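Worksheet: the structure to be examined is printed underneath.
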Amino acid sequence: MSTEQTVSGNFLRTIIDDDLASGRHAGIVTRFPPEPNGYLHIGHAKSICLNFGLAQQSGGRCHLRFDDTNPAKEEVEYIESIKESVRWLGFDWGTHLYYASDNFEQLYQWAEYLIQQGKAYVEELSAEEIRNHRGTLTEPGTESSSRNRPITESLDLFRRMRGDDFPDGARVLRARIDMASPNMNLRDPVLYRIIHAPHPHVGDAWRIYPMYDFAHGQSDAMEGITHSICTLEFEDHKPLYDWFLDNLPVPCKPRQYEFARLNLTYTVMSKRKLHELVNSGTVSGWDDPRMPTLVGIRRRGFTPEAVRAFCERIGVGRSDSWIDVSILEECVREDLNERAPRALAVLRPLKLVIDNYPESQVEEFEAANHPQKPEMGSRTVAFSREIFIEQDDFEETPPKGFFRMTPGTEVRLRYAYIVRCTGVIKDEQGRAIEVHCEYDPASRGGSAADGRKIKGTIHWVSASHSIDAEVRLFDRLFSDPNPDRGGADYRQFLNHDSIEILPAAKLELGLASADSRQRLQFERLGYFRPDPRDSAPGKPVFNRIVTLKDAWTKK
RNA sequence: UGGGGUAUAGCCAAACGGUAAGGCAACGGCCUCUGACGCCGUCAUCUCUUGGUUCGAAUCCAGGUACCCCAGCCA
């Protein structure tokens, strides 16, 4: 059934396979149920890949359902962005797009049904009073006098709640379960509250809105969901989830299963904190390339393939886990190494003059677009007497093991010639501003005529055959692996060097017309792509997606 | 302190009573016109801990310990 890639089993896969094998279910139906109150992030990607992936692998289907039960926090903007991000990740819900709000009438009827059964009642205590009645983790709650209100009275009150007879907060509908339950969720949870706010999907049709607990399971049931997969913190809600399904005439009984949410190092994932980063101007927006949002990593240049590979690689379990962000970066490298054409670019230019090269001469060298993939073709790059090399590739007094350019030794200019450094010109501060060298005319193309081995190869760009471009380098948003650690203010761990803008990098000519759909490897530097928002025709602004692995600077 | 969870290598994660998969990282080596890529090798006598059952335990039982979640009219 599945392809050659052996997907290692996880506990959810096992449950589904068993259910299929035992005939408990003829087909699998899952759902991804975001609340449209913010943008999706990499943690959601894990859930999306899980839900859609599990359904896909078992020939079932996965629904996209908006859990839009709280109009005070939800917006159309988020609905659209979420749809866009799920599609970008590569998943298709087909015709199965749902909104919990489309079920409001049925949910309302079911709420009346519970009242009639004596299993729900209208409460007039304030939020604070309800809290005080709830008890604590170790002490049982106390029943409110509303609990024994006659059914007809609750029914009348509930209908008046719907009919807009009360202001926000004046009444709620509660389930009548057990104020002494050790599970706080069962201490007569609130089912409906009054909110006077326009709803992003159903407009002003309602004044009362169901709580998550009253909407989620029933919506699952109405959609015929077989496996309702959510994160661990909802485990305590499962008895409530089941209570509704057992006490209401629902068409089927989905089962809830929980998995551990994704935690990524050097970032934050809570919607509240992401909102704060955006609203405080710490980042430029939800799609800032440093953000863990899907719109952010998309703009940065990560591919959906890489994100999916990441979700596959990290696995699924029930123990709290912290995934190192370098695993995500490695997935991006693996994907881009295969498909990104190579190019030459110098980020921090240092002029190199080849003294014995004819003043006005220009040569063209052939450069492979991918060293392992001749089918990706080649291009020509212009070479002349004055070129730019990377500042990091020159050291007047090199550390041990350095085999780039240094006075007296030879180095290869990729695809061009072998040169020997003859000297350096420095400014008053002692910084190299111009390096001089002589080339070996017999090494045209980069290979020595006598077969001598040249250890170092550096990249370059011809001074008069290059364009200037802005290049943006991104680093982790936080300097601590876990900015949430110990309840401290995560903002104190902000990495103030998380973005570096290089205003005048030198790029080989062909890059002037680079399109934001292209992702390139700048040889020896990393993977880059033109920023889709800030690039202009003929004037790209490049984002560094991720660096190349570097065994040298690591030492 | 009530309830619900989780503990297998630096980070994830398999193993379902039969003798600790795999990935990432790390380390050593090879290759190399990208210090990239690729390739080869090394990497848990042991599964939080203490006892017990068993011919045999990461798996079963009992007791500890640590960490996470729950007292929203959020999801």
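Predicted, not measured: the structure shown is a model, and the values here were computed from it. A note on names: the letters A, B, ... follow the listed sequences, proteins ahead of strands, and every chain is numbered from 1. Only this structure's heavy atoms are used, side chains among them; waters, hydrogens and symmetry mates stay out.
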Quick one: the side chain of [X] and the base of [N], do they pair up donor-acceptor inside 3.5 Å?
X       : N      : result
R131(A) : G72(B) : no
D236(A) : G3(B)  : yes
H237(A) : A75(B) : yes

- Near RNA chain B, under 4.0 Å by heavy atom, which residues of residues 263-274 of chain A? none
In whole Å, measure the gap between the [atom1] atoms of [N] and [M] for me.
N      : M      : atom1 : answer
C40(B) : U32(B) : C1'   : 16 Å
G72(B) : A13(B) : P     : 31 Å
A71(B) : G4(B)  : C1'   : 14 Å
C24(B) : G63(B) : C1'   : 37 Å
G3(B)  : C48(B) : C1'   : 23 Å
U6(B)  : U47(B) : C1'   : 14 Å
A44(B) : A20(B) : P     : 12 Å
U59(B) : C16(B) : C1'   : 7 Å

- Message: Quick check on RNA chain B: between T14(A) and S326(A), whose nearest nucleotide comes earlier from the 5' end?
- Response: T14(A)
- Message: Nearest heavy atom decides the nucleotide; on that basis, is P34(A) or K453(A) closer to the 5' end of RNA chain B?
- Response: K453(A)
I want to check one thing: is the phosphate of [N], taken as OP1 and OP2, less than 4.0 Å away from some side-chain N or O of [X]?
X       : N      : result
K549(A) : A25(B) : yes
R134(A) : G72(B) : yes
R524(A) : G35(B) : yes
R193(A) : C74(B) : yes
R313(A) : G23(B) : no
R261(A) : U6(B)  : no
S319(A) : C67(B) : no

- Task: Look at atom CZ of R255(A) and say whether more than 12 heavy atoms of other residues, nucleotides or ligands are closer to it than 6.0 Å.
- Result: no
- Task: Take atom CZ of R261(A) as the centre, draw a 6.0 Å sphere, and report whether it contains more than 12 heavy atoms from other residues, nucleotides or ligands.
- Result: no
- Query: Quick one: do the E523(A) and Q521(A) side chains pair a donor with an acceptor below 3.5 Å?
  - Reply: no
Go ahead and name the base partner of [N]; Watson-Crick or wobble counts if both distances stay under 3.5 Å, otherwise write none.
N      : result
U45(B) : none
A66(B) : U6(B)
G17(B) : none
G38(B) : C30(B)
U53(B) : none

- Once the angle between the rings of H237(A) and Y212(A) is folded into 0 to 90°, is it parallel (under 30°), tilted (30 to 60°) or perpendicular (over 60°)? perpendicular
- Message: In this structure, is the centre-to-centre distance between the rings of W110(A) and F244(A) below 6.0 Å?
- Response: no
Counting any heavy atom closer than 4.0 Å, what does [X] reach on the DNA or RNA strands: base, sugar-phosphate only, or nothing?
X       : value
K455(A) : base
G446(A) : base
L137(A) : base
Q372(A) : base

- Message: Quick check on G23(B): syn or anti? Syn means the glycosidic torsion is within 90 degrees of zero.
- Response: anti
- Query: So, are E223(A) and R65(A) salt-bridged, with charged N and O less than 4.0 Å apart?
  - Reply: yes
- Note: R149(A)-E124(A) ion pair, threshold 4.0 Å (strictly below): yes
- Item | Side-chain donor or acceptor of R187(A) paired with backbone N/O of R134(A) under 3.5 Å | yes
- Message: So is the aromatic ring of Y212(A) stacked onto the base of A75(B), judging by whether the centres are under 5.5 Å apart and the planes are under 30° apart?
- Response: no
- Find out whether the Lys NZ or Arg CZ of R162(A) is both under 6.0 angstrom from the six-membered ring centre of Y108(A) and within 45° of the ring's axis. yes
